[in-house]
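Down below is the structure, laid out as structure tokens.
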Amino acid sequence: MSEQSFIAGGHRHGGHFAERLVHGLQQALEHSLDAEAISKQRGLLQGLDPRIKLLALLSLMISGILASQLVTLLLLFGLAVLLALLSQVSLRRLYRQAWLSVLLFSGVIAVPALFLVPGDIPFRLPLLHWGISLQGLRSAAFLLGRAETSASYALLLMLTTPWMHVLKAMRSLGVPVLLVALLGMTHRYIFVLLQTASQMFEARRSRMLAPPSGRLARQVVAASSGVLLSKAFLLSSEVHLAMVSRGYRGDIYLLHSFRTRRRDWCALLPALCVPLLILWKHA
């Protein structure tokens with residue numbers, strides 16, 4: 001390998017870090033725009049009152065937590081898949097945004113249960129000779145099933161309901177105004193900071209003649225993070241003063257008013273009955 005090709009390869013390797021970061025920021029912004037587009041489509045969940053939808057999906061999430069049989073969890077997970085299909089939400093999106101990440105995170109927690117929970121050992125790992133118990137398999141399956149089911153219903157709520165409607169529904173159901181305001185501002189600031197960070201890295205890259213090396217790329221990211229943090233503090237004070245000057249006092253007001261119809265009650269009542277049936281069965 002010649003010296004020039006080695007240097008070029010080093011530049012490419014160093015440039016990948018910043019490029020992946022910018023690409024990740026752009027993907028996060030695209031996901032938010034896609035979620036807004038999905039919430040405006042015609043589907044089963046999109047047509048429900050946000051307050052009813054919040055209560056119904058929360059009830060189904062609680063049902064998944066209360067379930068003590070794997071068959072019940074499987075049925076609840078299948079119901080989430082059916083609701084996604086009827087609401088024009090692709091299973092690929094659920095897989096990428098919920099199922100895969102939850103599987104990786106919960107799997108790390110669930111794997112030790114396979115070996116640590118005592119019980120009948122039907123087989124052992126080759127070479128290591130670690131025994132895997134049936135009770136451990138059951139515990140890991142419950143952990144993964146509950147996490148995947150809850151994440152599916154939570155993501156369906158986010159994808160089929162505009163965020164401001166979710167906040168207004170929470171406020172209508174008695175959630176404290178401070179918590180609602182914190183959630184609203186956090187959601188808004190996340191995307192403002194994502195856009196600002198993406199613009200900063202694009203501006204930095206357009207002013208460089210060659211991709212930075214690995215060490216220089218990390219220094220650029222660290223310096224940009226400090227600048228982004230200072231911009232965040234300045235922006236927060238400016239936005240707060242602007243909101244207060246326009247009459248903001250913590251409550252969320254929308255021009256769109258919620259209306260509860262017969263189909264909303266038809267969706268809420270079965271959802272509320274599911275956790276009650278689970279509790280009654282195991283009473």
Side-chain angles (χ1 to χ4, degrees), residues 24 27-28 30-32 34-39 41 43-46 48 50 52-117 119 122-123 125 132-161 163 166 169-170 183 187 190 267-268 270-279 281-282:
Q27 279 189 332
E30 290 174 0
H31 284 323
S32 66
D34 291 342
E36 289 292 332
I38 293 175
S39 65
Q41 293 179 356
L44 177 62
L45 293 178
Q46 288 89 336
L48 297 179
I52 300 297
K53 190 191 316 181
L54 178 61
L55 287 175
L57 294 180
L58 182 60
S59 176
L60 293 175
M61 291 173 63
I62 295 175
S63 301
I65 297 174
L66 295 176
S68 59
Q69 294 184 357
L70 292 176
V71 176
T72 305
L73 276 177
L74 184 60
L75 291 176
L76 289 171
F77 184 78
L79 178 60
V81 172
L82 179 62
L83 291 176
L85 295 176
L86 295 177
S87 303
Q88 307 297 323
V89 178
S90 66
L91 299 183
R92 181 181 180 185
R93 175 175 291 275
L94 287 177
Y95 168 77
R96 293 178 59 186
Q97 295 188 227
W99 297 343
L100 181 60
S101 57
V102 171
L103 178 63
L104 294 176
F105 180 78
S106 301
V108 175
I109 304 174
V111 166
L114 300 176
F115 311 102
L116 298 179
V117 176
F123 55 89
L125 287 181
I132 299 178
S133 64
L134 291 177
Q135 289 77 5
L137 284 172
R138 180 180 174 85
S139 299
F142 268 113
L143 176 60
L144 292 176
R146 286 168 177 162
E148 293 285 2
T149 303
S150 300
S152 300
Y153 286 118
L155 184 59
L156 284 177
L157 176 64
M158 296 296 103
L159 291 178
T160 59
T161 314
W163 179 243
V166 175
M170 294 173 63
L183 290 175
H187 180 267
I190 285 175
L268 178 62
L272 293 178
C273 290
V274 173
L276 296 178
L277 288 174
I278 294 176
L279 290 175
K281 184 177 179 180
H282 301 286

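Since the model is a prediction, treat every value here as computed from it, not as a measurement. Heads up: numbering here begins at 1 and tracks the sequence.
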Legend entry - Closest non-hydrogen atom pair between Leu66 and Ile278, with its separation: O-CG2, 3.8 Å

Inset, instruction - For the pair Lys53 (side chain) and Thr160 (backbone), establish whether a donor and an acceptor sit closer than 3.5 Å, ignoring hydrogens and angles. - result: yes

Legend entry - Closest approach of Ser106 to Leu144 (non-hydrogen atoms, all atoms of both residues): CB-CD2, 3.5 Å

Inset, instruction - List the atom of Val102, the atom of Ala151, and the distance in Å for their closest heavy-atom pair. - result: CG2-CB, 3.6 Å

Legend entry - Value rounded to 0.5 Å, distance of OG1 in Thr161 from CG in Leu48: 8.5 Å

Legend entry - Value rounded to 0.5 Å, distance of CG in Leu272 from CG in Leu276: 7.0 Å

Inset, instruction - With rounding to the nearest 0.5 Å, note down the distance linking CD1 in Ile52 to CG in Leu57. - result: 11.0 Å

Inset, instruction - Search all heavy atoms of Ser59 against all heavy atoms of Ala271 and return the closest pair with its distance. - result: OG-O, 2.5 Å

Legend entry - Contact check, side chains of Val108 and Leu104, non-hydrogen atoms, under 4.5 Å: no

Inset, instruction - State, yes or no, whether a side-chain contact exists between Leu76 and Tyr153 at a heavy-atom distance under 4.5 Å. - result: yes

Legend entry - Nearest heavy-atom neighbours spanning Leu155 and Ala98: CD2-CB, 3.7 Å

Inset, instruction - Supply the atom-to-atom distance Gln46 CD to Leu86 CG, rounded to the nearest 0.5 angstrom. - result: 10.0 Å

Legend entry - Spacing of CH2 belonging to Trp99 relative to OG belonging to Ser152, to within rounding of 0.5 Å: 5.5 Å

Inset, instruction - Look up atom OG in Ser87 and atom CG in Leu159, then write down how far apart they are to the nearest 0.5 Å. - result: 9.5 Å

Inset, instruction - Examine distances only and state if a side-chain atom of Arg146 and a backbone atom of Ala67 form a donor-acceptor pair shorter than 3.5 Å. - result: yes

Inset, instruction - Could you pull out the closest heavy-atom pair between Ala80 and Leu156, with the gap in Å? - result: O-CD1, 3.6 Å

Legend entry - Any donor-acceptor pair under 3.5 Å from Ser139 side chain to Gln135 backbone: yes

Legend entry - Close side-chain approach of Gln88 to Leu44, heavy-atom, < 4.5 Å: no

Inset, instruction - Might you work through the side-chain contact (heavy atoms from CB on, under 4.5 Å) test for Met158 and Val166, ending with a clear yes or no? - result: CA-CA 8 Å; Met158 296 296 103; Val166 175; 4.1 Å; yes

